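Quick caveat, the model's predicted, so the values are computed rather than measured.
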Amino acid sequence: MKSNEDFCRNVRLCRNTMYALAFSILKNDCDAADAISEAVLKAYSNINSLKNDKYFKTWILKILQNTCIEMLRKNHAVLDIDEQYDIYDESYTDTAARLSLRSAVESLKNPYRTVTILYYYEDLPIKDIAKITGCSAAAAKKQLSRARFMLKDILNKEDFLE
């Protein structure tokens, strides 16, 4: 990073993805905001460890994921699946389908929920998801494949759609 302004600009560009990731793990707005703040502080303090500026997004998302996991361990937080959050593209016109998909994605357990959100809603490539989640690209692909299968199964159940 050449300057503080560059760092701030990059954080602003990543803020929606950071929120989606933090919320997918912590399932709470306040905790997600705390995790993001802490991750940004850690990133700023360790900016010299970023070897190439073009990997800023992947780098800061990995810091954020680790921060969220650390918060869960410290607080022994219980994830509340009933909480709702909006991560969907506004181009969807069928509200019922959006709500069904939303509920289905929320019902997935990690790591399946995380890889689904990062891939479909944040448009991150598999290699970046693998770096963020700390697994191989093959493992991230397998998790995404399993998540698709789980979502298909969930959405095909009649009792889920009622």
Check [X] against [Y] and note the closest heavy-atom contact, atom names and distance.
X      : Y      : answer
Val40  : Phe7   : O-CZ, 3.7 Å
Ile47  : Phe56  : CD1-CE1, 4.4 Å
Ala35  : Thr67  : O-CG2, 3.7 Å
Met18  : Leu61  : CG-CD2, 3.8 Å
Leu124 : Ile129 : O-CD1, 3.6 Å
Thr116 : Ala147 : OG1-CB, 3.3 Å

Rounded at 0.5 Å granularity, tell me how far [atom1] in [X] sits from [atom2] in [Y].
X      : Y      : atom1 : atom2 : answer
Ile63  : Ser45  : CD1   : OG    : 9.5 Å
Leu108 : Thr114 : CG    : OG1   : 9.5 Å
Glu106 : Ile117 : CD    : CD1   : 8.0 Å
Ile36  : Cys68  : CD1   : SG    : 7.5 Å
Met71  : Asp31  : CE    : CG    : 4.5 Å
Asp34  : Asn28  : CG    : CG    : 8.5 Å

*asked:* Applying side-chain contact (heavy atoms from CB on, under 4.5 Å) to Asn10 and Lys57, what does each step give before you reach the verdict?
replied: CA-CA 8 Å; Asn10 283 325; Lys57 186 174 185 178; over 6 Å; no

*Results of side chain to side chain contact (heavy atoms under 4.5 Å, CB included) for Thr58 - residues two or more places apart only*: Asp128, Lys131, Ile132

Student check: side-chain heavy atoms of [X] and [Y] closer than 4.5 Å:
X      : Y      : answer
Arg146 : Met150 : yes
Pro111 : Thr133 : no
Cys135 : Gln143 : yes
Cys8   : Arg12  : yes
Val105 : Leu151 : yes

_More than 12 heavy atoms from other groups under 6.0 Å of CZ on Arg148_ = yes

*Worked check of side-chain contact (heavy atoms from CB on, under 4.5 Å) between Tyr120 and Leu144*: CA-CA 10 Å; Tyr120 287 106; Leu144 189 58; 3.8 Å; yes

*Is a side-chain donor or acceptor of Asn46 paired with a backbone partner of Ser49 at a separation under 3.5 angstrom?*
no

*Arg113 side chain vs Ser107 backbone, donor-acceptor pair below 3.5 Å*: no

*Tell me whether Ile69 is reachable from Phe23 by hopping between hydrophobic residues (I, L, V, M, F, W, Y) whose side-chain heavy atoms are closer than 4.5 Å.*
no

*Could you state whether Leu13 and Leu21 fall into the same hydrophobic cluster, counting links through intermediate Ile, Leu, Val, Met, Phe, Trp or Tyr residues with side-chain heavy atoms under 4.5 angstrom apart?*
no

_Please enumerate all residues that pass ring pair (Phe, Tyr, Trp, His ring centres under 6.0 Å) together with Tyr55, with sequence neighbours excluded._
none

*List in chain and number order the residues that pass salt bridge (Lys or Arg N to Asp or Glu O under 4.0 Å) with Lys42, two or more places apart in sequence or in another chain; answer none if no residue qualifies.*
Glu38, Glu70

*asked:* Show, in sequence, the C-alpha distance, side-chain angles and deciding distance for Trp59 and Asn52, and conclude whether the side-chain contact (heavy atoms from CB on, under 4.5 Å) test is met.
replied: CA-CA 10 Å; Trp59 177 74; Asn52 188 332; over 6 Å; no

